[in-house]
Amino acid sequence: MSSNPFYRLAPFIQEFIYKKKWDVLREAQADACHIILDTNKHLLIASGTASGKTEAAFFPTITMLDHNPSGTVGILYISPLKALINDQFHRLEELLQEASIPVWAWHGDASQSAKQRLLKKPSGILQITPESLEAMLMNRPELILPLFGDLRFIIIDEIHAFMGTDRGIQLQCQLVRLARLSKTEPRRIGLSATLRDYDYAANWLALGTAASVQIVAPQTGRKLRLAVDHFMFPSVEIEEDEESFLKAQEAYYKEIYNATYRHKALIFANSRQDTEHTIMEMRRLAQERQEADIFYVHHGNISTQLREEAEAALREVQGPVVAAATLTLELGIDLGELERVVQLGAPYSCSSFVQRLGRSGRKKDASSEMIFFCSEKEYEGALLPEQLPWEMLRAIAIIELYIREKWVESFKTRGMPLGLLYHQSMSLLKGMGEAKPAVLASAVLSLPAFKDIQPDAYRLFLRHLIKTDHLEITETGTLIIGLTGEKIVNHFRFYSVFEGNEEFFVFNGSQQIGSLDHAPPVENCFTLAGKIWEVTGVDDKRKHIYVVQAKGRKNTIWNGTQGHVDTHVMKKIREILTGSEAYVYLKPNAAKRLEQARHFAANNGLLEDLVVAAGGEQFYIIPWVGSQAFDTLIRVLRFELYSDIEPRSIKERSPYFLRITSKIDAAELKQKILSTIRKPLIHEALMAEDEAPRLGKYEEFIPPKLLRKAFLTDGIHLEELIHALQ
DNA sequence: GACCTGCTGCGGCATG
């Protein structure tokens with residue numbers, strides 16, 4: 001074995017590296033070479049952004065394919081994004097110029113003729129999305145053997161984007177189905193820049209196979225340069241204040257302008273509106289100063305063409321370019337080296353922070369840097385806990401967790417993914433045409449993702465699908481897809497397991513008022529078109545929300561959905577408020593605001609206990625738990641403490657605090673909450689009798705009895721709540 | 001008043 005793996009790579013790869021003037025293989029690349037070339041194990045590459053992960057996966061696997069060409073497709077590359085496939089396609093074509101290994105992109109936008117050419121002579125590397133793979137497995141299962149009968153490797157890019165999601169469960173099912181139909185056991189390679197829980201990731205990657213996983217996770221000692229700034233916008237309740245509000249806003253945008261001026265810069269925001277608004281202001285300021293328009297917006301509602309223009313500008317234009325994006329620019333599409341990364345507010349998760357940070361400092365020895373612009377709006381009548389700078393606190397917590405503890409969020413797999421059970425059952429049956437119930441059951445329940453589904457539950461599930469015409473039973477006792485099922489399965493939307501953006505239309509009688517992304521629960525109020533409405537009913541099928549105009553003062557204003565925050569982050573925020581540390585990366589305004597917040601929290605007793613008296617019969621509950629445990633706490637209050645608390649008085653800002661009205665005092669309330677959550681059989685009590693909430697796509701087709709069970713398993717996070725409150 | 005991802009097969013018509 002040569003000690004330098006470079007000399008073991010295929011000649012055209014050596015030539016490619018030489019031409020690129022890369023002096024040595026990166027650590028991850030060298031390690032990956034040894035594992036791929038010298039072992040039979042799966043491989044997990046968990047190394048930082050810009051460490052050459054994709055090359056680390058492709059160099060040795062292509063080398064092996066070059067030595068010993070495969071009779072069918074030899075490497076299957078699976079990506080969560082079409083954009084990533086297109087990006088990789090060009091890079092692979094360049095690498096493979098001198099080789100006789102073809103590369104094929106297969107996704108919704110790929111041409112039919114290219115797909116036909118591959119089918120004529122299956123070979124080389126195929127790049128695909130889970131949705132296109134689903135279509136293949138379901139509509140053309142007979143093609144799997146000729147396409148993949150000699151498959152050697154499966155490379156899964158950005159696996160953290162799959163782990164812990166329904167799409168990831170779908171992918172795991174597909175890998176097993178692919179292995180069965182192709183009669184191969186390809187080695188798997190997973191790639192990610194943001195992982196901490198390597199064991200979970202390794203298990204995820206190897207699920208359903210016998211081989212073990214070797215992990216490559218080189219330490220990168222990249223320098224960090226961080227800054228957090230804070231801006232206060234005064235309230236605009238009275239007219240005189242408006243001027244000072246506008247002045248503060250102007251100062252804020254000028255600061256962003258200056259931070260990105262004459263740089264290649266990316267501005268991350270947490271909402272599409274923020275990106276639009278910020279770029280509008282940047283344009284205005286540039287125009288005032290007669291500077292060029294170098295600004296772009298990049299988010300989910302922007303067309304592919306415009307997004308590609310923004311990406312190309314960042315990558316290729318000489319001179320300054322400024323783009324504002326939501327998380328659309330987090331994943332690994334190549335943008336080249338960016339000089340500045342600005343974050344408006346705080347990301348919701350540490351892992352998001354790491355991805356965004358990785359957009360700068362890609363060159364050797366360059367430091368990664370990010371400036372946080374946190375802002376706060378003062379307003380009349382703000383409740384005590386609302387006067388804490390939560391967003392800035394979350395920014396500090398995320399920074400501290402990452403730089404001190406190297407912590408990022410871990411993933412959790414759903415125990416009862418019933419929507420997926422429907423999806424995979426229908427997909428498998430469609431591929432089979434017809435099947436005896438026992439045959440279908442064994443094909444589905446032997447998939448590792450469904451190991452916790454009991455045969456009894458599956459029988460109930462099948463009977464329900466027969467009753468609702470999703471399935472039909474023939475005279476010979478076999479199952480076929482039923483009339484209702486045909487409509488679902490034959491629609492092109494069937495291939496994805498996540499729901500597209502829905503629009504709920506709001507009706508007051510027969511008058512349509514507007515639309516919302518989500519339906520608030522019945523009896524909750526929300527504002528739209530300048531008025532407050534109370535929800536009287538929701539028609540999930542027609543996507544209608546029925547409302548009446550709310551009368552009098554209503555406490556239960558629905559807050560919409562918020563980003564998910566982990567319990568670890570909330571605990572860190574409390575620690576920051578309790579402590580006295582001065583963080584070096586805080587700019588003067590931010591440092592001052594933190595000091596104020598610490599005093600304010602201490603003086604008002606906000607850090608002392610779970611329940612804080614707020615005067616009269618009002619109380620704050622500040623639990624310092626993440627979003628999921630927070631939602632469970634609300635269930636505890638609604639369903640178990642309703643005799644002490646006025647349920648309609650609950651006002652929440654998830655996951656930071658709740659305000660409630662109660663006749664019993666703070667100490668007793670706290671005691672009741674703590675003793676309630678430890679009661680045996682409490683799980684069942686936290687749901688209304690007729691409640692069967694859906695957690696994902698296709699769950700409307702599941703028998704309510706099973707759906708309730710799934711919610712108890714995956715929707716109620718009592719253990720986390722108990723643990724966090726102790 | 002979070003954010004994001006993905007999509008077949010075929011009939012019919014126009015064009016070279």
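So that the names make sense, note that chain A is the first sequence line, chain B the second, and so on, each numbered from 1.
- Under the 6.0 Å cut-off for aromatic ring centres, A/Phe494 and A/Tyr698 qualify, their centroids lying closer than that.
- There is no side-chain donor-acceptor pair under 3.5 Å between A/His564 and A/Glu409.
- Checking the phosphate oxygens (OP1, OP2) of B/dC7, a side-chain nitrogen or oxygen of A/Lys82 falls inside 4.0 Å.
- B/dG6 atom C1' lies 10 Å from atom CG of A/Leu81, rounded to whole Å.
- Between A/Leu329 atom CG and B/dC4 atom C1' the separation is 12 Å, expressed in whole Å.
- Contact check, A/Thr129 against B/dG6: no side-chain N or O comes under 4.0 Å of OP1 or OP2.
- Remark: C1' of B/dG1 and CD of A/Glu652 are 13 Å apart, rounded to the nearest angstrom.
- The side chain of A/Arg140 sits closest to B/dG9 out of B/dC4, B/dG9, B/dA2.
- Here the C1' atom of nucleotide B/dC7 and the CD1 atom of A/Ile78 are 16 Å apart, to the nearest Å.
- Here B/dA2 presents its P atom at 21 Å from NE2 of A/His298, a figure rounded to the nearest Å.
- Between the CD atom of A/Glu131 and the C1' atom of B/dT8 there is a distance of 13 Å, given to the nearest Å.
- Set against B/dA2, B/dG6, B/dC4, the side chain of A/His299 has B/dC4 as its closest nucleotide.
- Comparing B/dG6, B/dC3, B/dC4 by their closest approach to the side chain of A/Ser271 singles out B/dC3.
- Using a 4.0 Å heavy-atom distance criterion, A/Arg167 is classed as a base contact.
- Counting any heavy atom pair closer than 4.0 Å across all strands shown, A/Arg307 reaches sugar-phosphate atoms only and no base atom.
- Mapping A/Tyr495 and A/Thr328 onto DNA chain B via the closest heavy atom, the residue that lands nearer the 5' end is A/Thr328.
- Rounded to whole Å, the distance from NE2 on A/His423 to P on B/dC7 is 13 Å.
- If you check every strand for non-hydrogen atoms under 4.0 Å, A/His107 touches sugar and phosphate atoms only.
- Between A/Phe498 and B/dT5, a base-stacking contact is recorded: ring centres under 5.5 Å apart, planes less than 30° from parallel.
- Under the 3.5 Å distance criterion, with hydrogens and angles disregarded, no donor-acceptor pair is assigned to the side chains of A/His298 and A/Tyr296.
- In the model, A/Glu134 has a side-chain atom that pairs as donor or acceptor with a side-chain atom of A/Gln170 under 3.5 Å.
- In this structure, A/Glu699 does not pair ionically with A/Lys697, as no charged nitrogen and carboxylate oxygen lie closer than 4.0 Å.
- Distances from the side chain of A/Asn139 to the nucleotides B/dT8, B/dC7, B/dC4 place B/dT8 closest.
- Using a 4.0 Å heavy-atom distance criterion, A/Ser132 is classed as a sugar-phosphate-only contact.
- Atom CG in A/Leu171 sits roughly 14 Å away from atom P in B/dG6 (whole-Å rounding).
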